[in-house]
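As structure tokens, the structure follows; a few thoughts come after it.
Hydrogens, waters and symmetry mates are skipped; everything else that's a heavy atom, side chains included, is used. Within every chain, numbering begins at 1; the chains are lettered A, B, ... in the order of the sequence lines, protein sequences first and strands thereafter.
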Amino acid sequence: MNRTLDTVFHNTTRFFAISVLIVLAALFFVLFNEAKPAIDAFGLQFITNSKWAPNMDIFGGYPAIYGSIVSTIIAMLIATPVAIGIAIFLSELAPPWIAAVVGMAIELLAAIPSIIYGMWGLFYLAPILRDIWGGNGLGLATAGFVLSIMILPFMAAITRDAMKTTPPILKESAYGMGATRWEVLKDVVIPYVKSGIIGSIILALGRAIGETMAVTFVMGNAHKIPDSIFKPATSIPVTLANEFTEADTDLYYSSLFYLALILLVISFTVIAVAKFWFLRNLQEQRV
Amino acid sequence: MTRQERRILVNKIIMLLSTAAALAGMLFLFWIIGVLLYKGFTALNLDIFTYDMAPPGREPSGLRNALVGQLMLVLGASFIGVPVGVLAGTYLSEYGGKKSRLARLIRDISDIMMSTPSIVIGAFVYAILVEPIGHFSGWAGIAALTVMMVPIVLRTTDDMLQLVPGSLREAAIALGAPKYKVIIQVVYRGAKTGMLTGILLSVARIAGETAPLLFTSFSNNFYSTDLTQPIASLTVTMFNYATSPYDDWIDQGWAAALILALFVLGANIIGRLITRTKKGNR
């Protein structure tokens, strides 16, 4: 009796564990299958074709891919130095109680739903940016800015955790030799946690590139390559969010799935690189 | 300037810059929180909870149907996602262990699934549950949220179970208990608080999701508890209201944002408190 129950329990847990693999495989298979008509029609040129004209049944993914990549680069350029600055402040400079309070606040902020960042961007940031750089305040730069604020808490928290893994004795020896704080950071802490920091940057990049709600509000949704980063554009998630329920022809529908498949492949690769090349050591130290 | 002075100066500049970065980052984050609290509390009133959505300009108008729909979607996903995630996590920790290649593969894949863009998961569920059936439905929304939830619950369960000392398992096995009983009565009990925190955080996480609901559960302007039909949710309502040109709708969008943020932050704080008390007791 007990043995039967044991087998049942064992197999049930195994079944559900393996279901994760099945879902991932199904994800790739289903997206590929739905994208098939568009893949057949446009091939890999879909990636470089910048014309998106649903009325003529012509679909090119380049504007959306371009928007995803450029807005993500802008977000990373802003967020990375600030996040590292916050992490340095929290781990080296702030008195313990401030570090605890600010650290806690940052972790809570990382939990705020991204749609709230999007609403703030639309109603508060965009009007200010409109006054600064003209246009309607919506576009790649605004999206990149909102994204950078969204990924900031996440990056700062991981970088701080990584910095904390530096053995105190290494830092103490450096201080003992008369090194300044910056020298300790530059020559001891940062080299020691380099892979953790790079991993957190790549992971944040993975989040930013697939983020939908923080950017849908502020991207401006124009299906072309803008001549400036201050003008309306689109990105893969924004295109999906705005047009999925409007796709009226099979090719239109399939092209959207082609975009979704491209996004899945990009984010899968990015996350896998972060996990397997950079964060492996950090995770094993934590567990 | 001597070398010594230069080193000290450089140090000061860098430390000043990093403090400035921290201040700037915090400033923006507090700005967002401030806006959320101000706009949310101004728009929040009893009508929000007792009346359904109304056309712009019409009073009274509220979000009752969206609140109920949101609750059904999140609870539905939790009812499926939590047991599946816990059982799968149990396999990784208790049957797979550190060395099993299958367990390691599933861990890695779950980590990746956790960061997969949620809109892609929405598209996936659309293709398997909405398109073949022909219309949006609450069940499709639940399916999308479940797919997002399982990897989170799985990973936290796995981590928490591994923290339970092996000697406890050995003691129970030595008493002749079968393995499933050891797991359910000893291991689960030992990891209870950690698992609870993980579950709480995963519920909070999916509650804030919008993108996968846009084309699965869609939205519904009327009160509905029928999961085979489109159903309203707070997040999709926020999206629709905030992008509308009507001031009263936009205000209600902020009220919805506040309710959601309070729920998410509340769950996070409770989760942290549980873990902290646990640590304090030890």
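Heavy atoms closer than 4.5 Å to chain A are found nowhere in Lys12(B), neither backbone nor side chain. With a 4.5 angstrom heavy-atom cutoff, Phe218(B) touches chain A only via side-chain atoms. Only the side chain of Leu31(A) comes within contact range of chain B, with at least one heavy atom under 4.5 Å from a heavy atom of that chain. Both the backbone and the side chain of Val84(B) come within less than 4.5 Å of a heavy atom of chain A. When heavy atoms are compared at a cutoff of 4.5 Å, Ile106(B) approaches chain A by way of both its backbone and its side chain. Residue Met113(B) touches chain A through its side chain alone, counting heavy-atom pairs closer than 4.5 Å. Of the two parts of Leu36(B), only the side chain, counted from C-beta on, holds a non-hydrogen atom closer than 4.5 Å to a non-hydrogen atom of chain A. In this structure, chain A has no heavy atom under 4.5 Å from any part of Ala24(B). With a 4.5 angstrom heavy-atom cutoff, Ile32(B) touches chain A via backbone and side-chain atoms both. Contact annotation for Ala26(A): both backbone and side-chain heavy atoms come within less than 4.5 Å of a heavy atom of chain B. For a residue to count as touching a neighbouring chain, one of its non-hydrogen atoms must lie under 4.5 Å from one of that chain's; by this rule Ile33(B) touches chain A with the side chain only. For Leu90(A), no part lies under 4.5 angstrom from a heavy atom of chain B. There is no contact between Ile13(B) and chain A, counting heavy-atom distances below 4.5 Å. Proximity to chain A is limited to the side chain of Glu131(B), based on heavy atoms less than 4.5 angstrom apart. For chain A, the nearby parts of Ala211(B) are the backbone and the side chain; heavy atoms of each come within less than 4.5 Å. Only the side chain of Leu93(A) comes within contact range of chain B, with at least one heavy atom under 4.5 Å from a heavy atom of that chain.
For the pair Gln70(B) (side chain) and Ala207(B) (backbone), a donor-acceptor distance under 3.5 Å is present.
When Gly210(A), Pro81(A), Gly85(A) are compared by the number of non-hydrogen pairs under 4.5 Å with chain B, Gly85(A) comes out ahead. Of the listed residues Leu152(A), Leu24(A), Val8(A), Asn33(A), the one with more heavy-atom pairs under 4.5 angstrom with chain B than any other is Leu24(A).
The environment of CZ in Phe29(A) is sparse: at most 12 heavy-atom neighbours from other residues, nucleotides or ligands sit within 6.0 Å.
Annotation: cation-pi pair Arg207(A)/Phe154(A) present, NZ/CZ under 6.0 Å from the ring centroid and within 45° of its normal.
Taking the six-membered ring where the residue is Trp, Trp31(B) and Phe28(B) present tilted rings, their angle falling between 30° and 60°. In this structure, Phe244(A) and Tyr126(B) have perpendicular ring planes: the angle between them is above 60°, well past the 30° mark.
The pair Arg160(A)-Glu92(A) does not meet the salt-bridge criterion, since no charged nitrogen lies less than 4.0 angstrom from a carboxylate oxygen.
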Give the intermediate values and the outcome of side chain to side chain contact (heavy atoms under 4.5 Å, CB included) for residues Glu94(B) and His10(A). CA-CA 9 Å; Glu94(B) 303 303 308; His10(A) 186 167; over 6 Å; no

